[in-house]
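A short write-up of the structure that comes next.
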Amino acid sequence: MNFRERAETNEQRPVRQGDAVSQVDATDKLSELEEPRTSLFAVGWLAIAAISMVGWIYALGWLAWRLVDWLWS
């Protein structure tokens, strides 16, 4: 790999056939896509994970506070 070559930007790179996608083609493909579905099961597991993470942070803070209190006494 030659690091002395100047990097090309999108404006400087020559356009090859098939590189450019028209805006009309892009919107047609977007309309064909299926809407993402949210699962209540997945949201529930994320909520449980978030609550347990906050619980661990609280427990570690409580233990650190008790340790500092014990060292100062």
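Because the structure is a prediction, the values reported are computed rather than measured. Index from 1, following the sequence.
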Gap between atom CG of Leu63 and atom CH2 of Trp70 - 0.5 Å precision | 13.5 Å
So with a 6.0 Å cut-off around CG of Leu40, is the heavy-atom count from everything else above 12?
-> no
d(Leu46 CG, Phe41 CZ) to nearest 0.5 Å is 11.0 Å
List for me each residue that meets side chain to side chain contact (heavy atoms under 4.5 Å, CB included) alongside Ser73, sequence neighbours excluded, and say none if there are none.
-> none
